[in-house]
Amino acid sequence: MPPSQLKRLKASLREQGITGPQKSKKQKKSQNKNADARGQRYSALASIREQFNPFEVKHLARPKKFEYVSQNAADSKKILGRPGVTKSQGEEARRKSLLPEMNRKNKVGGILDRRIGEDDPTMSLDDKMMARFEREQQRKRGGNVFDLEDGDDEVQLTHGGQSLTFDHEIGEEDYDAASVSGSSDGEDGFLKRKRRREDVDGEVDEDAPAEEQPERKKSKAEVMKEVMAKSKLHKYERQAQKEDDDELREELDKDLNDVLAALRGHMEKKPEPEAPKQASKSDFGMNADRAALLAGNSQAAKDKEYDTRVRQMLQDARAKPTERTKTEEEKAREEAKRLKELELKRMKRMRGEPTSDDEEPQKKDVDEEDYDEDTEDDAAEFGLKPAGKPSSRPDGVDDEDDFIMDNDLVATDSEVDFSGDESDDASEVDDTMAMDDEDEDFLKSVLPDKPKEPSKAVNGVLTIGADAASSKLAYTYACPRSHEELLKVFKNVAEQDTSTVIQRIRALYHAGLHSENKHKLADFACALVDHVAYLANQTPPASLAVIELIIRHIHSLSRSYPAPIATQFREHLKQLHASNNPTPGDLALLTAIGSIYPTSDHFHQVVTPAITLMARWMGLTTPASSKDVATGAFVAALCLQYQRLSKRYVPELIRYTALSLKSPHATPALLTAHTKNIIAAADIWSSSPAFTEIFTPLLEPLKSTNQKSTLRTLNAHLTTARLRRRPQLLHFHRPLPIKSSVPKFEESFDPNKHYDPDKERSEAAKLQKEYKREKKGALRELRKDANFIARETLKEKKEKDRKYEEKYRRLVAEIQGEEGHEKNVYEREKKKRQRG
């Protein structure tokens, strides 16, 4: 068991010689006189206190594990700090800095003592009084004791008032030159000081010679006069210089014409002085006619000529604007009016009544030179061409009922061809019918490849079939708003005239003519959609050229009325979804959808349901007849047409094509159609990484059908796809040797020290470490400041509460004393009265 603290303390005192055998008075007295002995005694006591107070000295929290590693064994007992001393020093520093700030906080005003020596404890009272007396005397005397202009005779200069200039070193001329050069305003400092002394001593001696007297100071009026004179002189000089420049410029201008003539290569002889000046030879900027007119005339004649020309210009007629360009609404209105007039004339001719052209008398002879279109007779209207008269009808047109088609209404690959120029009657009447470059090819793939039937277009007049020119059509029709009304309109109209009737209806009911026409044309467009399906479902079906032209009209109308037409298409798609049995009308509508709407969109309200329904039919249907095989070939071609830009994969197409190739109902013509679809699909999906997996299942059916050319083409595509597809390989890297280096030994290695070869990184780490240390120290000091402020605030509050309590008790005691005194007086008075 270790000894107790008391025993350890006695042992330590005894070891240091502080305690021990009792000493005599003589030894104690001699010991007290020895200062070294007293110092040793105090140091021994201090070391004992530190040893027995663990909170007075700070050591390592955990001693080193191996003390023999360090060079100095005393490092293990090294004192890291004295917390008590550090705390007391910090407390004292805060009392000197923070406490005055706390006391001055939220306090305004006060008296600042600026008396000499009040804040200096080192000055004695006599020193303070002496310094104050010197300051007072200096203020009374005023000025500086070393002022050269001071007239006080008590101050004696060391040089006795003699000049410090040596004659053999600096002469008078050097002094004057130096003083003049050093002056900025024309007067040297010596003259200024001399004038200032004259003002003090009085006036200058007038008897002195003129050379020795200084210059008199000019008055303000004299200075201003001198300034004005200098300003006028400078102005005159500038004017003179300007006049000289103008004269020189005029002399140069006189020779300018000769210089220009020399430059132009036709230097002319200078005219003699007596001859009049020829304006046409000298003035190159004037018109030649005007120069000749004014040559030799006086100034009055020239002015009169100028006034005459100005009056002529004022009397000239102003330019009138030409005929402005008509708007689309005005064109449509004129077209509708023209059609109504032509229809009225046709009805009159059918009834045998005379037309307006017949009623008007012919008042003048018509010849080839002055021929007017308004005075033509009926012979021209019926195709007869009188001799010597130009016809109002193009060559090859026998009837006014033949409708002239615009280029905008004919597909680029359709069977219609134009040769010749368009007539005036074929003006564009509907802005929605105009086609841009992007829509030129939108019907290229609507019809399958077939030999084109010969069609004629003579001078812009479309004729489809043999009897197109002989058809009798009305110029005005009621706008059908349903398919039933459309059938009534087309009841007596030939197939080849359907497009003409549609165009006339669109011209008569243009949206710009009436506010209701917009709704009428929207319903008319929906009726055309139904009519396409109706024509395709007829037995026998209508001509593909007619269906193509109607689709063209629907495409043109869809720009102005997209929502109603899209809704009508979706209604037909709903019926197809319910039946899942596509009819020829449904196929025609699917073809129209691919021609009208963009099929490459990620999502479209009409195209997306259409391609979904086609893929659904091919995925759920098995070819059980030749009709199914043919329908599948057409649907597959439509799917490929839809995906020619987006190139999305349709797996149902490959499935149905493979089943159709194996089907016993497939005829050679149908097999050829399916093989064409396979080649088209291979071209579209050639860039797909799954090309091999997609088209490999089609090799066996193609071999069984003996389609050698298609098989060779598909095998070539598959070979290219296999070559393009390569298995994944790891990157080949050259083997890198393991880095080896000679070990570096530090003789005086310190694990607490960083040995970084990168100097910048080492400096950055050192700076970062220093920043962290400073930050921690700042936070620690701030916490200590906060604790000190809290302690002082609490101490101030306790002191305030104590004073308040003392005052309160004192007041209570005084009040109680007064009350007791009054009570005693009252009792004595009461007893006195009772006795009395």
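Taking CG of Leu535 as the start and OG1 of Thr498 as the end, the distance is 7.0 Å to the nearest 0.5 Å. The CG atom of Leu473 lies 10.0 Å from the CD atom of Glu343; values are rounded to the nearest 0.5 Å. With rounding to the nearest 0.5 Å, the separation of CG in Leu528 from NE2 in His553 is 8.0 Å. For the atom pair Leu587 CG and Leu638 CG, the distance stands at 7.0 Å (nearest 0.5 Å). Atoms OG1 and OH, on Thr599 and Tyr642 in that order, are 7.5 Å from each other to the nearest 0.5 Å. For the atom pair CH2 of Trp617 and OG1 of Thr631, the computed distance is 5.0 Å after rounding to the nearest 0.5 Å.
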Evaluate salt bridge (charged side-chain N to carboxylate O under 4.0 Å, His left out) for Glu484 paired with Lys488, printing each intermediate quantity in order. CA-CA 6 Å; Glu484 291 77 11; Lys488 292 179 182 179; over 6 Å; no
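At distances below 3.5 Å, at least one donor-acceptor pair connects side-chain atoms of His674 with backbone N or O atoms of Val629. No donor-acceptor pair closer than 3.5 Å links the side chain of Arg616 to the backbone N or O of Asn580. The closest donor-acceptor contact from the side chain of Arg655 to the backbone of Met618 lies under 3.5 Å. For the pair Arg481 (side chain) and Ala527 (backbone), a donor-acceptor distance under 3.5 Å is absent. Judged by distance alone, with hydrogens and angles left aside, the side-chain atoms of Arg644 form a donor-acceptor pair with the main-chain N or O of Gln641 at under 3.5 Å. Side-chain N or O atoms of Asp586 include one that pairs as donor or acceptor with a backbone N or O of Thr583 at under 3.5 Å.
With sequence neighbours excluded, no residue satisfies salt bridge (Lys or Arg N to Asp or Glu O under 4.0 Å) with Asp628. With sequence neighbours excluded, no residue forms a salt bridge (Lys or Arg N to Asp or Glu O under 4.0 Å) with Glu485. Residues meeting the ring-ring contact (aromatic ring centres under 6.0 Å, His included) test with His483, sequence neighbours left out: His531, Tyr534. Residues passing the side-chain hydrogen bond (donor to acceptor under 3.5 Å, both in side chains) test with Thr608, sequence neighbours excluded: none. Residues passing the ring-ring contact (aromatic ring centres under 6.0 Å, His included) test with His604, sequence neighbours excluded: Tyr597. Lys340 is linked by a side-chain hydrogen bond (donor to acceptor under 3.5 Å, both in side chains) to nothing, counting only residues two or more places apart in sequence or in another chain.
Listed here is the closest heavy atom pair of Val606 and Ala566: CG2-CB, 3.6 Å. The nearest pair of heavy atoms linking Glu335 to Ala507 is CG-CB, 3.9 Å.
Here the options are Asn537, Leu589, Val546, Thr591, the test is side-chain contact (heavy atoms from CB on, under 4.5 Å), and the partner is Val532; only Leu589 passes.
Arg552 places none of its side-chain heavy atoms less than 4.5 Å from the side chain of Ser499. Annotation: side chain of Ile502 is in contact with side chain of Phe490 (closest heavy-atom distance under 4.5 Å).
Around atom CD of Gln605, no more than 12 heavy atoms belonging to other residues, nucleotides or ligands sit under 6.0 Å away.
Below 30°, between 30° and 60°, or above 60°: for Phe695 and Trp685 the angle between ring planes is between 30° and 60°, a tilted geometry.
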